[in-house]
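Remarks on the structure that follows.
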Amino acid sequence: MNAAIRVLIGDDHRIVREGLKQVLGDPANGLPEITVAAEATQGAEVLAQVAVLQGGLDLVLLNIAMPGMDGLEVLQTLRRDWPALPVLMLSTYPERQYAVRCIQLGASGYLHKSADPDDMVAAVRKAAAGGRYLTEATALALAGAVQRTSMVKGAPVGIDALSYREHQVFRLLIAGHSVGEIGAQLQLASNTVSTYRARILEKTGARNDVELALLAHGAPEA
């Protein structure tokens with residue numbers, strides 16, 4: 001008899017968690033069954049749940065945009081403290097920009113929240129078995145990142161060149177947060193956030209926050 005795949009869902013939206021539970025728990029998926037062993041609505045709660053459950057989990061399904069400690073920070077902590085536990089990242093952000101970052105940090109795969117339910121189930125099963133699930137969009141994003149790196153003397157360019165902290169600030173900027181709001185959320189002084197913003201604009205070639213948002217969503221800049 002096939003043992004069930006035990007999943008922890010980390011997402012701050014109840015409607016998303018309920019939808020995922022319905023998709024993953026559908027009997028039509030066949031064996032092995034996928035069961036949701038735990039849920040978490042904040043990044044720190046994900047880590048606390050993993051610590052409590054220990055060997056009672058086979059996979060973490062993790063949203064990038066979590067309140068408090070964001071998904072990428074949680075991912076880094078999980079890879080450091082529980083390196084054998086697969087993490088599948090889930091987001092509304094486009095693969096072109098965010099899948100590469102997640103894979104580089106050790107995620108077993110990246111799925112857009114609009115993914116087909118069959119793809120979601122396939123991703124969970126492959127990641128839980130120790131594999132890496134790459135959609136066509138993610139594979140293309142990874143290939144593009146490698147190509148861009150090789151074109152500039154081996155150094156990353158654009159969004160790929162952002163440091164971890166710069167990437168945090170970048171995501172909050174394109175979400176419409178002010179410098180003061182970002183400082184409060186990341187516990188940074190406003191002038192420090194402004195410095196990060198200036199570096200982000202320089203590295204991406206954007207002239208303002210609007211162009212950063214266009215860049216993040218893959219739209220052509222005016």
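If you read the sequence from its start, that first residue is 1, and numbering goes on from there.
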Looking at every non-hydrogen atom in both residues, tell me the closest pair between [X] and [Y] and how far apart they are.
X: L53; Y: A38; result: CD1-CB, 3.6 Å
X: R125; Y: G30; result: NH2-O, 3.1 Å
X: S190; Y: G180; result: OG-CA, 4.0 Å
X: G106; Y: R79; result: O-NE, 3.4 Å
X: L57; Y: L85; result: O-CD1, 3.9 Å
X: P86; Y: S108; result: CB-OG, 3.6 Å

K21/E18 ion pair, N-O < 4.0 Å: yes

Could you tell me whether the side chain of [X] and the main chain of [Y] form a donor-acceptor pair under 3.5 Å?
X: S91; Y: Y93; answer: yes
X: D70; Y: E73; answer: yes
X: R80; Y: L75; answer: no
X: T192; Y: L188; answer: no
X: E181; Y: S178; answer: yes
X: E166; Y: S163; answer: yes
X: D58; Y: R6; answer: yes

Common cluster, [X]/[Y], ILVMFWY with side-chain heavy-atom separation under 4.5 Å:
X: L72; Y: Y196; answer: yes
X: M69; Y: L90; answer: no
X: L172; Y: L162; answer: yes
X: V7; Y: L111; answer: yes
X: L24; Y: V50; answer: no

Just do the side chain to side chain contact (heavy atoms under 4.5 Å, CB included) check on V16 and K113 with the steps written out, would you? CA-CA 9 Å; V16 173; K113 287 187 178 180; 4.1 Å; yes

Measure the shortest side-chain to side-chain distance between [X] and [Y] over non-hydrogen atoms and say whether it is less than 4.5 angstrom.
X: L62; Y: V46; answer: yes
X: V193; Y: N191; answer: no
X: V36; Y: L20; answer: no
X: R132; Y: I103; answer: yes

Between atom [atom1] of [X] and atom [atom2] of [Y], what is the distance when rounded to the nearest 0.5 Å?
X: Y110; Y: L134; atom1: OH; atom2: CG; result: 13.0 Å
X: Y164; Y: Q104; atom1: OH; atom2: CD; result: 14.0 Å
X: I34; Y: D26; atom1: CD1; atom2: CG; result: 10.0 Å
X: T92; Y: N63; atom1: OG1; atom2: CG; result: 7.0 Å
X: Q42; Y: D11; atom1: CD; atom2: CG; result: 12.0 Å
X: L173; Y: I182; atom1: CG; atom2: CD1; result: 4.0 Å

Using a 3.5 Å cut-off and no angle test, enumerate the donor-acceptor pairs between side-chain atoms of residues 114-124 and protein atoms at least two apart in sequence or in another chain.
from, atom 1, to, atom 2, distance (Å)
S114, OG, H112, ND1, 2.8
D116, OD2, D118, N, 2.9

Polar contact flag, side-chain donor to acceptor under 3.5 angstrom, R165-Q168: yes

With distance as the sole criterion, is a donor-acceptor pair present between the side chains of T41 and E45 under 3.5 Å? yes

Would you confirm whether the ring centroid of Y98 sits within less than 6.0 angstrom of the ring centroid of H167? yes

Worked check of side chain to side chain contact (heavy atoms under 4.5 Å, CB included) between V169 and L186: CA-CA 8 Å; V169 173; L186 299 181; 3.9 Å; yes

Once salt bridge (charged side-chain N to carboxylate O under 4.0 Å, His left out) is applied, do any residues pair with R17, and if so which ones, sequence neighbours excluded? E39

Under a side-chain separation threshold of 4.5 Å, the hydrophobic residues clustered together with V52 are none

